[in-house]
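Lettering follows sequence order; numbering is per chain, from 1.
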Number of protein chains: 2
Amino acid sequence: MLGIGQLSAETGTKVPTIRYYEDIGLLPEPERTVGNQRRYGQQQVDRLRFIRHCRDMGFPLADVRALLDLSDDPERSCASADTIARHQLQEVERRLASLASLRQELCRMIDQCAGGTVADCRVIESLADHAHCIADRHTTPAPTEQHVEPTRRDPA
Amino acid sequence: MLGIGQLSAETGTKVPTIRYYEDIGLLPEPERTVGNQRRYGQQQVDRLRFIRHCRDMGFPLADVRALLDLSDDPERSCASADTIARHQLQEVERRLASLASLRQELCRMIDQCAGGTVADCRVIESLADHAHCIADRHTTPAPTEQHVEPTRRDPA
DNA sequence: CCTTGAACCTCTAGTTACTGGAGATCCCAT
DNA sequence: ATGGGATCTCCAGTAACTAGAGGTTCAAGG
Ligand SMILES: [Zn+2]
Ligand SMILES: [Zn+2]
Ligand SMILES: [Zn+2]
Ligand SMILES: [Zn+2]
């Protein structure tokens, strides 16, 4: 049986995050010691690994929840799991397209600026007027994810 | 002079968002009618357009704020504007790379599943164990943005 | 057996960039 | 004068965590 800190180390998940997953019902309430501390078994380790892997692949928690439900009973058809994955793929492709076009605009913007004062800056000018852009509109990537510095992950 | 609803229509920004930008100091407090309603002039329209365009290009509000400050005095050197833009470009490229690798994993995952029960599903299996992945780790895109359905933008 | 210090507990609040609603007020046209 | 849409302020909620305060528990050393 592992304490929460060991589970954290084992899965590369921060301790408050584990408790958060428990709060929202992604992880079942674990056993407790007499002194009220959480104790986890292998099942929980696997479940948390599954969750983290899904998150790293960009699935939103709602999808992770659905995938966990599915994986909890192996007799069911996997059709909906595949559907979720295909949706996620589409989402990733949407973001890729939008980022690619964004990259182009940013490059143009930066290339055109020769330096000097703000009055002559092509970057500022381009930002002020979308008419300078190639794309007729920019679609927001709409990520639905986290906002954390990349100071994570250190798997066992 | 425009009312807030007209400014909203003019710039494709929702009314509460305009008030939010005012709250956080991105838009200056506008004039008011005797009845306390906001009235905007062309300057404000331009400023809000600038903000929205920056946001659509993926700049975080902190950067938008810095860019606005710069564009407010045209005599300064544009070096820091260019630096912000180059940072943003790097960020976009980072996300592109990470999404491309994600796309690959998702494709593999989906291709390998022949359908059937969850017990045999390659999607579930791949999610359960990162060892099935090609990439040695997935880097989170770390977006710092919004979470909204794409029900926006309808420029004048 | 007792002490110490790291790990753990609960609870609250903050992050980003907005969005939505309640309940009250205003503006304008008929 | 009146009706209805636009606007006002304030508060709460979204995603997915993260951080901190203030108090307990565990395990090892003496
Ligand atoms: Zn420049
Ligand atoms: Zn543009
Ligand atoms: Zn399958
Ligand atoms: Zn993986």
Could you tell me the separation between the [atom1] atom of [X] and the [atom2] atom of [N], rounded to a whole number of Å?
| X | N | atom1 | atom2 | result |
| --- | --- | --- | --- | --- |
| R55(A) | dC17(D) | CZ | C1' | 9 Å |
| E31(A) | dC8(C) | CD | P | 16 Å |
| I4(A) | dT18(D) | CD1 | P | 13 Å |
| Q6(B) | dG5(D) | CD | P | 17 Å |
| E29(B) | dT9(D) | CD | P | 10 Å |

Legend entry - Flag, side chain of H138(B) to backbone of S101(B), donor-acceptor distance under 3.5 Å: no

Inset, instruction - Indicate yes or no for a side-chain donor-acceptor contact from T117(B) to the backbone of S77(A) under 3.5 Å, with no hydrogens or angles considered. - result: no

Legend entry - salt bridge (Lys or Arg N to Asp or Glu O under 4.0 Å) partners of R76(B), counting only residues at least two apart: D73(B)

Legend entry - Results of salt bridge (Lys or Arg N to Asp or Glu O under 4.0 Å) for E22(A) - residues two or more places apart only: R32(A), R38(A)

Respond yes when some side-chain nitrogen or oxygen of [X] is under 4.0 Å from OP1 or OP2 of [N], and no when none is.
| X | N | answer |
| --- | --- | --- |
| R38(B) | dT9(D) | yes |
| R32(A) | dT10(C) | yes |
| T17(B) | dA17(C) | no |

Legend entry - All side chain to side chain contact (heavy atoms under 4.5 Å, CB included) counterparts of E93(B), not counting sequence neighbours: R103(A), L89(B)

Legend entry - Residues forming a side chain to side chain contact (heavy atoms under 4.5 Å, CB included) with Q42(A), sequence neighbours excluded: V45(A), D46(A)

Which residues pass the side chain to side chain donor-acceptor pair (under 3.5 Å) test with [X], not counting sequence neighbours?
| X | value |
| --- | --- |
| D69(A) | none |
| R122(B) | none |
| Q6(B) | none |
| D72(A) | R47(A) |

Legend entry - DNA chain D contacts among residues 20-28 of chain B, heavy-atom distance under 4.0 Å: none

Legend entry - Difference in axis direction between the ends of the helix from dC1(C)-dG30(D) to dT30(C)-dA1(D), five pairs, 10°: 20°

Inset, instruction - Could you run through nucleotides 20-30 of chain C and give me one letter per nucleotide, 5' to 3': B if any protein heavy atom sits under 4.0 Å from the base, S if only the sugar-phosphate is that close, - if neither? - result: S-----SS---

Using distance only, find each side-chain donor-acceptor pair of residues 104-114 of chain A under 3.5 Å and give its atom names and separation, not counting sequence neighbours.
| from | atom 1 | to | atom 2 | distance (Å) |
| --- | --- | --- | --- | --- |
| E105(A) | OE1 | I134(A) | N | 3.2 |
| E105(A) | OE2 | I134(A) | N | 3.2 |
| E105(A) | OE2 | A135(A) | N | 2.8 |
| R108(A) | NH2 | H132(A) | O | 2.5 |

